[in-house]
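If you're wondering where the values come from, they're calculated on a predicted model, not measured in any experiment. All values below come from the heavy atoms of this structure, side chains included, with hydrogens, waters and symmetry mates left out.
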Amino acid sequence: MSEVLRRWVEGWRLCRGLGVVSEDRDALGVVLGLPGRERELFALTGASGVVDRLVGLAVEGVWLTVTTLDGDGVARRLAAGGLEVFPEQKVLMTVGLRDHPRPVTAEYGVELRSDGALEYARVLASDGSVAARGMAAVVGRDAVMHDIQTEPEHRRRGLGSVVMGALSRRAFERGAETGLLMATVEGAHLYRKLGWMPEATMVTAKGPAARPVPGRGGEGSGGAGAVGGYFGSVLAGG
């Protein structure tokens with residue numbers, strides 16, 4: 001699983017225009033430089049000892065993501081360590097690009113653009129407005145899909161599938177063989193219809209706000225629990 005995660009992180013950081021990924025023992029590190037999200041750590045294993053060590057590094061402004069088959073268990077461990085766990089657990093997914101469906105639509109146009117390692121796809125309405133869009137980073141034989149979006153007024157017309165198909169075709173033409181993405185639980189059910197398979201749950205938490213100095217006022221924030229994720233619903237028949 002750690003190898004799949006490495007490949008996804010590399011494409012993800014290219015899509016976001018971030019600097020190179022650092023590695024320290026059992027974690028990858030990426031600097032985002034965003035308010036409240038200065039840096040993110042990605043655990044290379046969900047082993048309890050590793051997770052506990054990384055919890056200690058997740059101070060204010062640092063996010064921690066753990067890829068695991070036990071999303072609820074990891075979420076409880078992160079919360080017990082004082083981190084604020086995000087309620088929704090994401091899904092790491094893969095697919096073979098050769099046979100990826102490539103749906104088309106007669107009502108919309110599709111526009112493709114390349115920029116180095118990045119591929120962009122836009123689905124355009126008849127008035128020229130963007131109805132759906134997405135991007136992918138082609139890294140060797142992988143294509144990491146990112147930021148797949150459909151405008152509210154154009155949803156439920158299969159346009160997300162059109163974007164995915166267009167990006168998959170371009171990536172395959174450039175030599176990529178495997179697609180990778182991090183999906184929401186809702187998105188994962190859609191992508192499964194296109195042949196994408198879940199590999200693991202991704203649980204993310206952020207470090208607690210700095211504790212106020214006694215006598216100086218202010219309030220701190222505690223950790224929060226997490227709700228069931230994708231794998232839990234699948235195993236339960238959901």
Side-chain angles (χ1 to χ4, degrees), residues 1 3-21 28 30 32 40 42 65 67 90-200 202 230:
M1 186 54 59
E3 183 57 31
V4 175
L5 178 65
R6 289 177 193 275
R7 290 153 53 194
W8 174 81
V9 169
E10 178 59 18
W12 171 80
R13 71 96 182 171
L14 287 172
C15 286
R16 295 190 61 118
L18 304 175
V20 296
V21 179
L28 305 175
V30 182
L32 290 93
E40 186 161 355
F42 296 89
T65 293
T67 304
K90 303 297 179 64
V91 187
L92 180 62
M93 308 185 80
T94 63
V95 73
L97 296 177
R98 178 183 296 274
D99 299 320
H100 193 289
R102 296 166 187 173
V104 296
T105 173
E107 299 179 36
Y108 296 82
V110 178
E111 179 181 87
L112 298 171
R113 178 172 66 88
S114 301
D115 183 9
L118 303 178
E119 293 289 339
Y120 298 88
R122 301 197 305 172
V123 176
L124 304 177
S126 57
D127 62 359
S129 63
V130 177
R133 69 177 189 271
M135 65 186 300
V138 179
V139 186
R141 296 189 175 184
D142 294 322
V144 177
M145 311 294 180
H146 182 68
D147 198 26
I148 311 299
Q149 297 187 32
T150 301
E151 295 301 318
E153 63 270 26
H154 296 282
R155 290 175 183 169
R156 301 189 182 280
R157 302 181 188 180
L159 300 186
S161 297
V162 173
V163 170
M164 295 292 288
L167 290 173
S168 296
R169 186 190 73 228
R170 285 291 296 127
F172 185 73
E173 291 171 350
R174 293 185 56 169
E177 299 177 355
T178 303
L180 300 96
L181 62 78
M182 179 181 70
T184 62
V185 172
E186 180 180 359
H189 291 290
L190 167 65
Y191 298 138
R192 286 204 67 164
K193 296 178 181 179
L194 297 174
W196 290 76
M197 296 302 295
E199 298 290 342
M202 303 179 80
Y230 179 85

Problem - Where Cys15 and Val144 come nearest, the two heavy atoms and their spacing - result: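 Smallest heavy-atom distance, with atoms named: SG-O, 3.8 Å.
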
Any chance you could measure [X], atom [atom1], to [Y], atom [atom2], to the nearest 0.5 Å?
{"X": "Thr67", "Y": "Leu92", "atom1": "OG1", "atom2": "CG", "result": "6.0 Å"}
{"X": "Leu97", "Y": "Leu180", "atom1": "CG", "atom2": "CG", "result": "8.5 Å"}
{"X": "Arg133", "Y": "Leu124", "atom1": "CZ", "atom2": "CG", "result": "12.0 Å"}
{"X": "Thr184", "Y": "Ile148", "atom1": "OG1", "atom2": "CD1", "result": "11.5 Å"}
{"X": "Trp8", "Y": "His146", "atom1": "CH2", "atom2": "NE2", "result": "8.5 Å"}
{"X": "Met93", "Y": "Met182", "atom1": "CE", "atom2": "CE", "result": "12.5 Å"}

Handout entry: Partners passing ring pair (Phe, Tyr, Trp, His ring centres under 6.0 Å) against Tyr120 (at least two apart in sequence or in another chain)
Key =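 Scan of Tyr120 (ring pair (Phe, Tyr, Trp, His ring centres under 6.0 Å), adjacent residues dropped) gives none.
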
Exercise for the section: Look at the aromatic rings of Tyr191 and Trp196 and report parallel, tilted or perpendicular, splitting at 30° and 60°. Expected result: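 If you compare the ring of Tyr191 with that of Trp196, the planes turn out tilted.
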
Practice task
With sequence neighbours excluded, give me every side chain to side chain donor-acceptor pair (under 3.5 Å) pair touching residues 134-143.
Solution key: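 Of all non-adjacent pairs touching residues 134-143, those that pass side chain to side chain donor-acceptor pair (under 3.5 Å) are Arg7-Asp142.
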
Practice task
In plain terms, say whether Glu119 and Arg174 are close enough for a salt bridge, that is, a side-chain N and a carboxylate O under 4.0 Å apart.
Solution key: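 Yes, charged N to carboxylate O under 4.0 Å.
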
Problem - Salt-bridge contact Arg169-Glu173 (side-chain N to carboxylate O under 4.0 Å) - result: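 Salt bridge between Arg169 and Glu173, a charged N being under 4.0 Å from a carboxylate O: yes.
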
Problem - Donor + acceptor pair across side chains of Ser168, Arg102 (<3.5 Å) - result: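 There is no such pair (donor and acceptor under 3.5 Å, judged by atom type) between the side chains of Ser168 and Arg102.
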
Practice task
Identify, with sequence neighbours excluded, every residue that meets side chain to side chain donor-acceptor pair (under 3.5 Å) alongside Thr65.
Solution key: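 Thr65 satisfies side chain to side chain donor-acceptor pair (under 3.5 Å) with Glu40, Thr204 only.
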
Problem - Ring centroid separation His154 to Tyr108 under 6.0 Å - result: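 For His154 and Tyr108, the ring centres are under 6.0 Å apart.
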
Practice task
Determine, step by step, whether Val123 and Val130 satisfy the side-chain contact (heavy atoms from CB on, under 4.5 Å) criterion, reporting the C-alpha distance in whole Å, the side-chain angles of both residues, the deciding distance to 0.1 Å, and the verdict.
Solution key: CA-CA 6 Å; Val123 176; Val130 177; over 6 Å; no

